[in-house]
Amino acid sequence: MEYDDKAFLFDLDGVIIDSEPCYDQFWNNAVQKYRIPIENFPAIIKGNTLKAILEKYFYNYPIEIQQQIIQECSDFEQTMDYLPIPGALTFIEQLKRNGYPIALVTSSDSKKVASVISRLKLEHIFNSIVTADRISVGKPHPECFLLAAQDLNKAPSACIVFEDSFAGLEAARRAHMKIVALSTTNPPEQLQGKADLVIPNFDSIQVQKIVSQVYELQ
């Protein structure tokens with residue numbers, strides 16, 4: 001396969017920005033505040049949309065509590081420090097300079113994504129943005145990645161997904177796309193077998209090397 005027919009699809013949290021520890025803190029606080037009787041709750045829900053989390057784990061809570069959680073999460077996201085994963089912005093800019101189609105595929109809503117894009121000055125980077133607002137079912141369902149491929153007019157087999165959560169990795173697998181897992185959220189040994197390649201971050205990562213490794217080109 002040629003290098004120049006590829007598209008690159010990026011999750012946001014844990015892939016472009018190092019926000020997972022912040023979410024761990026938010027949900028650990030929520031576990032205590034709302035007495036959520038689930039062990040390791042922050043880890044279990046990674047990669048899921050807030051809508052899916054509420055539907056699955058808060059369906060028996062009053063609607064007022066659910067709305068309160070939505071507002072608390074929104075307020076929290078507006079005050080987060082959006083620190084980039086090492087090398088992420090440089091790698092994405094490298095892709096853009098070389099004319100590759102790039103998509104942002106995230107379980108976050110459009111309000112948060114707009115804030116991240118503005119603060120990191122990524123306004124002209126992405127050819128497609130798929131947020132929680134655009135999909136009917138979240139990861140691990142492949143809808144989000146397939147929608148991004150459709151936006152970019154690319155076959156799933158030509159798409160390389162960068163993900164960190166188990167839900168996101170499963171969604172990419174179900175979409176029949178190539179997968180690069182980042183060990184920013186889960187240990188690398190737990191990611192083996194769930195991706196074509198596992199990397200710690202984007203430091204010193206080159207486009208052609210990534211493509212060669214995930215497609216096993218010589």
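Among the candidates Phe26, Tyr23, Trp27, the single residue satisfying the ring-ring contact (aromatic ring centres under 6.0 Å, His included) test with Phe41 is Trp27.
Side-chain polar atoms of Tyr34 and Gln68 form a donor-acceptor pair below 3.5 angstrom. Side-chain contact annotation: Glu77 with Ser115, donor-acceptor N/O pair under 3.5 Å absent. Between the side chains of Gln71 and Gln67, no donor N or O sits under 3.5 Å from an acceptor N or O.
The closest side-chain heavy-atom distance from Asp151 to Arg134 is below 4.5 Å. In this structure the side chain of Leu182 reaches within 4.5 angstrom of the side chain of Ile85, judged on heavy atoms. Taking 4.5 Å as the limit, some side-chain heavy atom of Leu122 sits within range of a side-chain heavy atom of Leu89. With a 4.5 Å cut-off on side-chain heavy atoms, Lys6 and Cys159 do not count as touching.
Salt-bridge check for Arg173 with Asp196: failed, with every basic side-chain N at 4.0 Å or more from each acidic carboxylate O. Classification of Lys139 and Glu163 as a salt-bridged pair holds, one side-chain N sitting under 4.0 Å from a carboxylate O. Salt-bridge formation is detected for the pair Lys46/Asp24: a Lys NZ or Arg NE/NH1/NH2 atom is positioned less than 4.0 Å from an Asp or Glu carboxylate oxygen. Salt bridge present: Asp13 and Lys112 bring a charged side-chain N and a carboxylate O closer than 4.0 Å. Note on Glu170 versus Lys194: no salt bridge recorded, every NZ/NE/NH1/NH2 to OD/OE distance being 4.0 Å or above. We find that Lys51 and Asp109 are not joined by a salt bridge, their nearest charged nitrogen and carboxylate oxygen being 4.0 Å or further apart. We find that Lys96 and Glu93 are not joined by a salt bridge, their nearest charged nitrogen and carboxylate oxygen being 4.0 Å or further apart.
Shown here is Gln78, whose CD atom has more than 12 heavy atoms of other residues, nucleotides or ligands within 6.0 Å. Residue Asn153 places its CG atom among 12 or fewer non-hydrogen atoms of other residues, nucleotides or ligands, all under 6.0 Å distant.
Ring geometry for Phe162 against Phe202 counts as tilted: the plane angle lies between 30° and 60°, on a 0 to 90° scale.
Asn98 contributes no side-chain N or O that, together with a main-chain N or O of Tyr100, makes up a donor-acceptor pair within less than 3.5 Å.
Under a cutoff of 6.0 Å and an axis angle of 45°, Lys178 and Tyr215 form a cation-pi pair.
For the atom pair Leu12 CG and Phe10 CZ, the distance stands at 11.5 Å (nearest 0.5 Å). Taken from CD1 in Ile69 to CD1 in Ile53, the straight-line distance is 9.5 Å, to the nearest 0.5 Å.
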